[in-house]
Amino acid sequence: MLKAEIFVYLKKSISDPPGIAVLNSLKSLGFDNVEKVRMGKYIVVYLNENDIEKAKEQVKLMCEKLLCNPVMEEYKFNISEE
Amino acid sequence: MLKAEIFVYLKKSISDPPGIAVLNSLKSLGFDNVEKVRMGKYIVVYLNENDIEKAKEQVKLMCEKLLCNPVMEEYKFNISEE
Amino acid sequence: MKKHLYEEVGLTYDEYKMIVEILGREPNELELNLFGVMWSEHCGYKNSKAYLKNLPTKGGHILQGPGENAGIVDIGDGYAVCFKVESHNHPSAVEPYEGAATGVGGIIRDIFTMGARPIALLDSLKFGNLNDNRTKYLFEGVVAGIAGYGNCVGIPTVGGETTFDPVYKNNILVNVMCVGIMKKDKIFKGVAQGVGNSVFYVGHTTGRDGMGGATFASTDLTAESEEKRSAVQVGDPFMEKLLLEACLELFQTDAVVGIQDMGAAGLTSSTCETAARAGTGIEIDVALVPKREEGMNPIEIMLSESQERMLVIVKKEREEEVYKIFEKWGLHAVKIGRVTDDGMLRVLDNGKVLAEVPAKALAHAPAYVREVKEPAIIKEAEKFDVYSIPQPNDLNEVICKMISNPNLASKEYIYRQYDHMVRTDTVIRPGHDASLLRIKGTKKGIAVTIDSNGRYCYLNPYEGVQLVLAESYRNIVAVGAKPLAITDGLNFGNPHYPEIYYQFVKTIEGMKVACEYFETPVTGGNVSFYNQSEEGAIYPTPVIGMIGRIDDIEKAVDISFKNEGDLVAVIGK
Amino acid sequence: MKFGVVVFPGSNCDSDCFHVIKDVINEDVEYIWHDSDEKLTGFDCIILPGGFSYGDYLRAGAIARFSKVMPRIEEFAHNGGLVIGICNGFQILTESHLLPGALIRNKNLKFICSDQYVKVVNTNTPFTNLYTKGEVINLPIAHGEGNYVVDEETLKQMIQNQQIVLQYCDKYGNVNDETNPNGSILSIAGVCNKEKNVFGLMPHPERSSEKILGCEDGKRVFLSIVNFLKSR
Ligand SMILES: Nc1ncnc2c1ncn2[C@@H]1O[C@H](COP(=O)(O)OP(=O)(O)O)[C@@H](O)[C@H]1O
């Protein structure tokens with residue numbers, strides 16, 4: 001079994017209201033040195049697969065087909081043994 | 001400037017409706033060997049701070065106070081130079 | 001071949017020459033961009049305004065007709081209703097959730113800038129066939145986007161209509177209507193009156209989002225459409241809620257002279273339009289604009305379509321009140337300029353003049369009347385004989401087929417996702433002919449409906465739009481209310497095709513007749529051309545939003561059977 | 001009898017609750033701004049209304065928990081004052097640990113706005129004493145994150161202490177997966193704390209408190225409060 005940790009995040013140019021809300025809240029809690037917050041998704045996919053290379057290709061496809069919306073988002077991932 | 005990548009995810013015992021929905025979608029797209037999907041948050045916090053140890057402590061506090069709800073979630077993070 | 005700069009901003013050579021004549025010199029790049037957005041179809045109504053002015057816009061109840069952010073109708077007892085419909089078709093086709101959500105945000109702002117408290121939303125949605133995967137994705141996204149935004153702001157979405165037809169596959173339609181209530185002597189307008197008054201920027205920060213949105217809405221949808229947009233607009237409903245409450249609170253003071261939403265073409269349209277309406281000039285400094293991204297240039301700042309922002313004209317020496325209220329709601333309020341007497345829109349950067357153009361010239365795009373040609377389908381359709389369709393043998397089968405068609409099936413799946421009860425005024429909820437809202441503290445209610453029928457309008461635009469109006473009229477009457485006025489969302493293909501322009505012209509003619517007949521004047525609306533992809537144009541789809549008044553809400557009736565044994569009758573022809 | 005309705009910047013059922021208290025059950029009511037840290041004196045019951053307190057982008061209620069008014073509400077509750085959290089108010093009460101558990105996304109991942117039958121399983125509370133045990137009532141729901149979760153150990157204690165007050169059901173009172181709109185554990189729609197003076201529920205009683213809106217089942221929640229306070 002392989003575990004893919006996938007990170008989907010907004011493109012730089014896209015505004016991020018949730019990130020701004022969290023930033024403001026952190027600041028009001030006294031975390032003064034926080035400069036910026038960006039919110040994204042952390043998706044863990046467990047794969048019945050042993051071949052890491054194969055898994056990479058599959059995860060890439062999953063991201064492109066479903067998990068990431070290329071109009072607004074980008075992604076990265078890493079794969080490890082479970 | 002330091003960059004903290006924070007991952008907030010549901011505890012094992014808590015059911016994850018979005019994760020189940022994504023699992024089903026992936027299967028219906030033909031990704032048969034997907035076993036399980038868990039959805040979490042990927043929060044990137046940029047800190048005006050140079051001391052990694054200090055940053056670690058701060059981020060831990062942010063998680064405990066705001067970013068993570070211990071009733072249902074856990075977190076981990078890593079910190080790197082921007 | 002390299003494109004000319006004027007072409008890149010969407011202008012023709014003739015338009016460019018007009019601009020040179022207006023200015024008496026060559027425009028610089030910023031000025032050219034200002035003209036580019038303001039003279040786009042979306043902002044300038046270039047191809048529609050010559051005809052729109054034929055619509056009946058006056059009548060006993062009308063307090064505000066077209067030309068402002070929204071229209072207003074008197075409903076008696078000192079109350080008035082403010083309402084308007086707006087399209088967000090192209091953005092929703094590219095990013096359904098955010099496209100639909102920001103469409104909702106825009107129309108809500110149009111209502112509360114007039115001084116009204118928004119009390120209801122309605123949506124008119126057109127998609128391709130639901131068995132197509134992309135369509136499913138668009139459908140789910142649009143509905144979730146409307147829900148996500150409207151629910152959060154706390155305005156009930158009380159009705160709508162939804163159609164599935166292959167003709168909308170690549171060019172979905174998302175039209176949203178908002179209705180607000182106000183005291184009739186408390187109307188605010190988008191005017192930059194009073195030389196020396198302060199020009200305020202309030203609300204969200206300015207980013208690069210939605211750059212060139214107005215131009216994007218003024219061309220056909222193509223494969224590159226996605227790339228043309230430098231960024232998708234993202235809505236922040238929470239910010240909208242704050243802005244809404246802050247503005248309504250501000251209106252309680254009499255410090256405000258004028259106010260306008262920064263919608264399409266953002267700062268550019270709001271500044272030149274408020275000045276043009278008042279016959280004044282306006283001067284702003286882009287360096288003072290609150291920004292959320294570094295290194296934004298003046299063109300980007302002037303053209304940004306970041307959401308949840310407003311331009312407010314404040315009386316001299318009353319600035320403190322504005323700061324106080326916006327601080328309470330945690331929002332930006334910055335004085336970025338002042339009203340002048342020279343009729344110019346002057347853009348400065350740290351005091352240095354970057355652009356200087358007559359506000360009226362910007363706000364009043366040239367008007368065109370295009371060539372028309374009757375589409376062949378109209379004659380063909382006339383030849384069609386209904387009686388040529390054989391009587392079906394098994395009516396049960398027909399019924400089952402009909403009710404399982406998504407076009408006729410219950411739309412509960414959709415309106416369940418919309419909070420249609422918040423504000424506790426929804427007396428008749430979605431699922432009936434029209435929805436009905438009470439007005440607390442009175443016995444009155446307002447009936448609302450939104451309707452269209454693209455197929456009828458395709459077969460005959462003149463007759464089709466009249467049938468749509470008649471449907472709206474019936475819907476209002478059926479809940480026991482008296483129809484008062486309409487707002488219209490006119491969705492068409494590319495006006496440069498004579499057949500399309502014919503559809504547009506005939507729609508206006510038909511609407512005029514029907515509005516006069518029903519005594520329901522037009523209080524405003526929206527024109528969306530270029531709803532067209534490589535595979536052709538959509539059906540001509542005028543969307544009619546109608547409101548009505550009921551004086552005793554207890555007398556309202558709805559669609560459901562009440563008691564066993566009650567008599568059932570059919571009336572009419 | 002004096003009620004306080006807390007207003008967060010993103011509250012949107014604040015005026016609905018205010019209206020029911022003032023115009024329907026005719027009691028005294030006042031708004032309380034989220035930014036106020038004045039002691040809550042003179043109030044008998046505090047209502048945390050529905051809405052989206054601070055946008056609720058991170059988790060519903062997460063940020064509201066840190067508003068200035070919350071310590072005052074905690075203090076009020078610890079002194080035995082009545083606190084009722086409706087919808088977003090319930091979410092805020094769980095985030096603040098005034099109530100156990102948490103609320104996550106609905107099982108179908110969609111916002112649900114609809115009439116909803118719920119069963120009053122505990123009538124021995126300040127908020128439900130005018131209902132009969134097991135009574136099925138209509139309380140509309142409108143939420144995207146109403147799926148109640150709690151760990152097993154806590155759930156056991158909650159059952160022991162009779163903290164489960166409302167459960168989703170159908171018109172006949174059947175409580176099962178099919179009659180559960182959002183996936184809540186045990187179909188939980190509303191819970192109270194051990195002391196019974198803090199109550200959170202996802203449904204909106206203020207939306208079914210007037211005949212003109214089709215149903216008055218929710219009104220007795222507010223009348224129960226008055227009844228409790230009068231007999232105290
Ligand atoms: N997109 C939508 N949003 C909200 N309500 C909708 C939507 N589509 C349909 N409805 C509601 O569903 C009911 C039936 O709609 P429709 O099928 O268009 O009615 P009719 O055919 O009677 O005009 C109406 O009450 C309408 O308000």
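Basis for what follows: all heavy atoms, side chains included, without hydrogens, waters or symmetry-related copies. Values in this document were obtained by computation on a predicted structure and should not be read as measured data.
Remark: C:K183 is positioned above the aromatic ring of C:Y79, its terminal NZ or CZ atom under 6.0 angstrom from the ring centre and at most 45 degrees off the axis.
Only the backbone of C:V153 comes within less than 4.5 Å of a heavy atom in chain D; its side chain stays farther off. Using a 4.5 Å cut-off between heavy atoms, D:S53 contacts chain C through its backbone alone, with no side-chain atom that close. For C:K328, the parts lying near chain D are the backbone and the side chain together; criterion is any non-hydrogen pair under 4.5 Å. When heavy atoms are compared at a cutoff of 4.5 Å, D:Y54 approaches chain C by way of both its backbone and its side chain. Of the atoms belonging to C:Q417, heavy atoms from both backbone and side chain fall under 4.5 Å from chain D. Neither the backbone nor the side chain of D:N108 comes within contact range of chain C; no heavy atoms are under 4.5 Å apart. Residue D:H204: no heavy atom, backbone or side chain, is found under 4.5 Å from chain C. At a 4.5 Å heavy-atom cutoff, D:S208 makes no contact with chain C through either its backbone or its side chain.
Here D:E75 pairs with D:K39 in a salt bridge; the nearest charged N to carboxylate O distance falls below 4.0 Å. We find that D:K22 and D:E30 are not joined by a salt bridge, their nearest charged nitrogen and carboxylate oxygen being 4.0 Å or further apart. In this structure, C:R423 does not pair ionically with C:D419, as no charged nitrogen and carboxylate oxygen lie closer than 4.0 Å.
Here the shortest heavy-atom pairing between D:L130 and D:S224 reads N-OG, 3.1 Å.
Residues meeting the salt bridge (charged side-chain N to carboxylate O under 4.0 Å, His left out) test with D:E95, sequence neighbours left out: D:R59.
Ranked by heavy-atom pairs shorter than 4.5 Å toward chain D, the options C:P237, C:A144, C:A147, C:G148 are led by C:P237. Ranked by non-hydrogen atom pairs under 4.5 Å with chain D, the options C:C152, C:G441, C:G154 are led by C:C152.
For the atom pair OH of D:Y117 and CG of D:L139, the computed distance is 11.5 Å after rounding to the nearest 0.5 Å.
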